[in-house]
Each structure stands twice: as C-alpha cells, then as structure tokens.
Asks: 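Here it is, the structure, as structure tokens.
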Amino acid sequence: MTLTGLAQGYANNAIDWAVSAYGIDLSNVSRPDPSGNGITFNPNLSQPAQSSLDSQVSPNKVFASIGPPAFESPGWLGSSIAHEAEAHGNQARTGTWYTDPTGSTLNEAQAWFYEYSQRGRFGLSQDESTRIYNYYLGLYTDLVGIDPLYGQRLNQGNFSPVP
C-alpha cells in the first residue's frame with residue numbers, strides 16, 4: 001500500500017489524535033523531529049507498528065513507527081501506539097530491552113500482554129482483543145518450549161529471563 005503525501009499527512013494527524021484521545025504516554029519515545037510527537041508514520045511497514053532502541057542519542061528511549069495496518073480502527077491505532085510507546089518504551093527506560101532471541105521474545109510477550117490488558121481503554125472489539133491475546137499466547141507457547149519455567153514466571157507477570 002502506498003499513500004500520497006496528503007494521505008500521509010492524514011495518517012500523522014490520526015496518530016496525533018490517538019495519542020491525545022487515549023492519553024498515550026510518549027515520555028519514553030525519542031523525538032527525532034522536535035516539532036513532532038516522536039511517533040512516525042511509515043507507509044512501507046507491513047505490520048501495525050514497530051520500535052527500535054535509540055542507541056545513539058537516548059539509549060533509554062525508543063523510536064516508534066506506525067504502519068498502515070494500525071489504521072484498522074481508532075482503538076487499534078491507539079493500542080498499536082501504546083504497544084510501542086508505553087510497553088517497549090518502558091522496557092527501554094528500565095533497561096529490560098533484551099537483544100538476544102529469547103529476550104526479544106520476552107519483550108514482545110510483555111508488550112502484547114500489556115496491550116491486551118489495555119483493551120478496554122482503547123475500546124477494542126472482541127475480534128481485536130482475541131487477536132492480541134492470540135499473539136501473546138503464541139509467544140507464551142514459544143517461551144515455554146524454550147524452558148518450562150517460563151510458563152510459571154509469565155503466569156506471575158515475570159517477564160525477565162530465566163537464569
């Protein structure tokens with residue numbers, strides 16, 4: 001999907017609206033453009049959103065991008081932004097942004113778990129809520145396959161690596 005400049009402007013306006021309407025915390029998002037909110041629209045992104053650690057300027061923050069699939073509904077857009085800005089942003093801030101494969105899976109599991117816990121805040125439909133839960137469940141299953149202790153730890157809300 002490609003968008004014209006006008007449509008990209010609308011996408012950025014929708015992102016700004018969602019941040020304001022849902023009270024999304026952007027304190028852990030780097031702002032590459034001082035006039036912007038730090039969340040950038042990427043028309044080439046095939047997933048709703050993604051983030052990366054700001055290793056250059058502020059290593060305790062993330063860069064976040066929002067793709068066309070995030071615009072399914074206002075709630076899905078807000079939920080996608082919060083997944084990156086609040087969940088992954090908090091991981092960056094607290095030093096729990098893991099870079100190894102198991103750690104990255106833990107980070108995603110925690111972010112999807114957080115997103116699911118916020119479904120009421122964003123007014124997500126049953127279908128949207130179920131998709132989020134299923135993403136989490138797939139990661140949960142992967143982690144239990146790595147070490148059965150992850151099942152017990154994740155059930156207790158512990159998303160740190162097994163020693």
Asks: Using 4.0 Å as the upper bound for N to carboxylate O, is an ion pair formed by Arg93 and Glu86?
Replies: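 Answer for the salt bridge query: no.
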Asks: Decide yes or no on side chain to side chain donor-acceptor pair (under 3.5 Å) for His88 and Glu108, but give the supporting numbers first.
Replies: CA-CA 8 Å; His88 288 309; Glu108 281 304 316; 2.9 Å; yes
Asks: Which heavy-atom pair separates Glu84 from Ser51 by the least distance, and what is that distance?
Replies: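 Residues Glu84 and Ser51, closest heavy atoms: OE1-OG, 2.7 Å.
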Asks: What closest approach, in Å, do Ile39 and Ile81 show between heavy atoms, and which atom pair accounts for it?
Replies: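 So the two residues come closest at CD1-CG2, 4.2 Å.
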Asks: Could you check whether any side-chain N or O of Ser20 sits under 3.5 Å from a backbone N or O of Asp16, counting only pairs where one atom can act as donor and the other as acceptor?
Replies: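 The answer is no, because no donor-acceptor pair under 3.5 Å joins these two groups.
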Asks: Any idea how Phe113 and Phe159 line up, ring-wise: parallel (<30°), tilted (30 to 60°), or perpendicular (>60°)?
Replies: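 Correct class here is tilted.
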Asks: I'd like to know if the side chain of Gln50 reaches the main chain of Ser65, judged simply by a donor and an acceptor atom lying under 3.5 Å from each other, with no hydrogens or angles considered.
Replies: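 Pair absent, no side-chain N/O of Gln50 close to backbone of Ser65.
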Asks: What are the two closest non-hydrogen atoms of Pro48 and Ser80, and how far apart are they?
Replies: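 Shortest heavy-atom separation between Pro48 and Ser80 comes out as CB-OG, 3.6 Å.
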Asks: Using a 3.5 Å distance criterion without hydrogens, assess whether the side chain of Thr96 forms a donor-acceptor pair with backbone atoms of Ala92.
Replies: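 Absent.
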Asks: Does atom OH of Tyr98 have more than 12 heavy-atom neighbours, drawn from other residues, nucleotides or ligands, at distances under 6.0 Å?
Replies: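 Check passes, neighbour count above 12.
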Asks: Hey, does the side chain of Ser117 reach the backbone of Tyr114 with a donor-acceptor pair shorter than 3.5 angstrom?
Replies: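 Yes, the answer is positive, given that a donor and an acceptor are paired below the 3.5 Å cut-off.
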Asks: Same cluster or not: Leu137 versus Leu106, using hydrophobic residues (I, L, V, M, F, W, Y) connected whenever any side-chain heavy atoms lie under 4.5 Å apart?
Replies: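 The answer is yes; both residues are in one hydrophobic cluster.
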Asks: Would you check if the distance from the ring center of Tyr10 to the ring center of Trp17 is below 6.0 Å?
Replies: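 No, the ring centres sit 6.0 Å or more apart.
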Asks: CG of Asn60 to CG of Asp54: how many Å apart, nearest 0.5 Å?
Replies: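 Separation between the atoms: 8.5 Å.
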Asks: Determine yes or no for a side-chain-to-main-chain donor-acceptor pair under 3.5 angstrom, with Tyr135 supplying the side chain and Trp112 the backbone.
Replies: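 No, the answer is negative, given that no donor and acceptor are paired below the 3.5 Å cut-off.
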Asks: Measuring only between side-chain heavy atoms, which start at C-beta, is Val29 closer than 4.5 Å to Phe63?
Replies: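 Contact flag for Val29/Phe63 side chains = no.
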Asks: Closest approach of Ala49 and Gln47, non-hydrogen atoms and distance?
Replies: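 Answer, listing the atom of Ala49 first, then Gln47: O-NE2, 3.0 Å.
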Asks: Does the structure place the NZ or CZ of Arg131 under 6.0 Å from the centre of the six-membered ring of Trp76, at an angle of no more than 45° from the ring's axis?
Replies: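 That pair qualifies as a cation-pi contact.
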Asks: One pair to check against side chain to side chain donor-acceptor pair (under 3.5 Å): Tyr150 and Asn155. What are the steps and the verdict?
Replies: CA-CA 8 Å; Tyr150 278 119; Asn155 289 342; over 6 Å; no
Asks: If every non-hydrogen atom of Pro161 is compared with every non-hydrogen atom of Arg153, which pair is closest and at what distance?
Replies: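 Looking at all heavy atoms of both residues, the shortest contact is O-NH2, 3.1 Å.
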Asks: Report yes or no: does Gln91 contribute a side-chain atom to a donor-acceptor pair with the main-chain N or O of Asn107 at less than 3.5 Å?
Replies: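 Answer holds: yes.
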Asks: Closest heavy-atom contact between Phe122 and Ala82?
Replies: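 So the minimum-distance heavy-atom pair works out to CZ-CB, 3.6 Å.
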Asks: Heavy-atom distance under 4.5 Å between the side chains of Ile15 and Leu77, does that happen here?
Replies: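 In short, these two side chains touch, coming nearer than 4.5 Å.
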Asks: Using the ring of each side chain (for Trp, its six-membered ring), is Tyr116 parallel, tilted or perpendicular to Tyr133, with breaks at 30° and 60°?
Replies: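 Rings of Tyr116 and Tyr133: tilted, 30 to 60°.
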Asks: Under 3.5 Å, side chain of Gln156 to main-chain N/O of Asn158, donor-acceptor pair present?
Replies: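 Judged by distance alone, no pair lies under 3.5 Å.
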Asks: Compare all side-chain heavy atoms of Leu26 with those of Ile24 and state whether any distance is below 4.5 angstrom.
Replies: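 Side chain of Leu26 against side chain of Ile24, heavy atoms only: contact under 4.5 Å found.
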Asks: Do any N or O atoms from the side chain of Arg119 and from the backbone of Ile132 form a donor-acceptor pair under 3.5 angstrom?
Replies: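 Judged by distance alone, no pair lies under 3.5 Å.
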Asks: In terms of ring plane angle, is the pair Phe71 and Phe41 parallel, tilted or perpendicular, where the classes change at 30° and 60°?
Replies: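 Because their plane-to-plane angle is over 60°, the rings of Phe71 and Phe41 count as perpendicular.
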Asks: With Glu128, which residues qualify under side-chain hydrogen bond (donor to acceptor under 3.5 Å, both in side chains), at least two apart?
Replies: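 Result, side-chain hydrogen bond (donor to acceptor under 3.5 Å, both in side chains) vs Glu128: Ser73, Ser125.
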